[in-house]
Amino acid sequence: MLDVAHDLLGRRLVRLLDGQRISGLIVETEAYRGEEDLACHARAGRTPRTAVMYGPPGQAYVYFTYGMHWLLNCVTGPEGFPAAVLIRAILPQEGLEVIAARRAGRPRRAWCNGPAKLCQALSIDGSHNDSPLWDSTGALWLEKGQPITEEQIKYTPRIGIDRVPEPWRSIPWRFVMNGTLNEQG
DNA sequence: CGCCCGATGTGCT
DNA sequence: GCACATCGGGCGT
């Protein structure tokens, strides 16, 4: 739901890879909710791919697109209602050497400033689909990060859905923490 | 800087 | 068949 997209901002996304923590603060999210939301994958109803979104909240919904990219979502409630929050950008915090290696040749600001980039940086793929993001004993989870205030959040339409009809194309369900996307870190 | 476009596999019509 | 919740390189301004 929208409050989850809001709450995820400022939280820390943690990946345990070869025993090492790799993490970053979430600074950009988007909400997708319901079969009536024509930008949401669940617009086609319940299918093998979208089944996770109909399940309990707190699970990862990881899908493959454009023939080469993985994207990470957090499923939101209530159970039975298909909705998820896309994690679009993080600010790298831990495991910087690993991130730099996985994003070789790119400037730091381009390490994790996109939904597919952060999945590449943290080695997130389909094996993490339907895994619990509240379980800190797993390979991928969310932690309390840094509390943020309402004034720090910018609301805009969602990205990359230009072919979706109104009102869905323009509804401001993208959430950005002010002044974070272009930081050098 | 901005716009354009190719890459490349999968899910759904 | 075709669209796709993207990315990065190329080229023009």
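Here is how names work: the chains are called A, B, and so on, in the same order as the sequence lines, proteins then strands, and each is numbered from 1.
Look at K154(A) and E28(A) and you find no salt bridge, because none of the NZ, NE, NH1 or NH2 atoms lies under 4.0 Å from a carboxylate O.
Set against dC12(B), dA7(B), dA5(C), the side chain of A44(A) has dC12(B) as its closest nucleotide. Each of dC7(C), dA5(C), dG11(B) was ranked by its minimum atom distance to the side chain of A116(A); first place goes to dC7(C).
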Dot-bracket line, read 5' to 3' along DNA chain C, where crossing pairs take [ ] and | marks a partner on another strand, Watson-Crick or G-U under 3.5 Å | ||||.|||||||.

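Note: OH (Y63(A)) to P (dA3(C)) measures 17 Å, nearest angstrom. For the pair R158(A) CZ and dT6(C) P, the computed distance is 12 Å after rounding to whole Å. Separating the OH atom of Y66(A) from the P atom of dC5(B) is a distance of 15 Å, rounded to the nearest angstrom. The nearest whole Å value for the distance from the CG atom in N113(A) to the C1' atom in dC7(C) is 10 Å. Between R163(A) atom CZ and dC4(C) atom C1' the separation is 9 Å, expressed in whole Å. When rounded to the nearest whole Å, the span between CH2 of W70(A) and P of dG9(B) equals 12 Å. We find that CZ of R49(A) is positioned 6 Å from C1' of dG11(B), with the value rounded to whole Å. Residue W111(A) contributes atom CH2, which lies 18 Å from atom C1' of dG8(C) at whole-angstrom precision.
Residue A39(A) is in base contact, counting any heavy-atom pair closer than 4.0 Å across all strands shown. Within 4.0 Å (heavy atoms only), I161(A) reaches sugar-phosphate atoms of the nucleic acid but no base atom.
Comparing T65(A) and Q120(A) by the nucleotide of DNA chain C whose heavy atom lies nearest to each, the residue mapping closer to the 5' end is T65(A).
Taking 4.0 angstrom as the limit, R106(A) places a side-chain polar atom (N or O) nearer than this to OP1 or OP2 of dG8(C). Between dG8(C) and R103(A), a contact under 4.0 Å exists linking OP1 or OP2 to a side-chain N or O. Taking side-chain N and O atoms only, H41(A) has a distance below 4.0 Å to OP1 or OP2 of dA5(C). For dC12(B), the OP1/OP2 oxygens have no side-chain nitrogen or oxygen of R43(A) closer than 4.0 Å.
Residues passing the ring pair (Phe, Tyr, Trp, His ring centres under 6.0 Å) test with Y63(A) are H41(A), Y61(A), sequence neighbours excluded.
Note on residues 104-163 of chain A: pairs passing ring-ring contact (aromatic ring centres under 6.0 Å, His included), not counting sequence neighbours, are Y155(A)-F175(A).
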Would R43(A) and E35(A) count as a salt bridge (charged side-chain N to carboxylate O under 4.0 Å, His left out) if you check the C-alpha gap in whole Å, the side-chain angles of each, and the deciding distance to 0.1 Å?
-> CA-CA 4 Å; R43(A) 65 186 175 277; E35(A) 296 176 350; over 6 Å; no

Pair W168(A)-R158(A), side-chain contact (heavy atoms from CB on, under 4.5 Å): steps then yes or no | CA-CA 9 Å; W168(A) 310 108; R158(A) 293 169 290 182; 3.9 Å; yes

Begin with the C-alpha distance, continue with both residues' side-chain angles, and end with the deciding distance and a verdict on side-chain contact (heavy atoms from CB on, under 4.5 Å) for E30(A) and R88(A).
-> CA-CA 7 Å; E30(A) 283 175 358; R88(A) 288 194 58 91; 3.2 Å; yes

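No side-chain N or O of Q120(A) forms a donor-acceptor pair with one of R102(A) less than 3.5 Å apart.
In this structure, CZ in R15(A) is found 10.0 Å from SG in C119(A), a value given to the nearest 0.5 Å.
Residue ring and nucleobase are not stacked for F64(A) and dG9(B) under a centre distance beneath 5.5 angstrom and an angle between planes beneath 30°.
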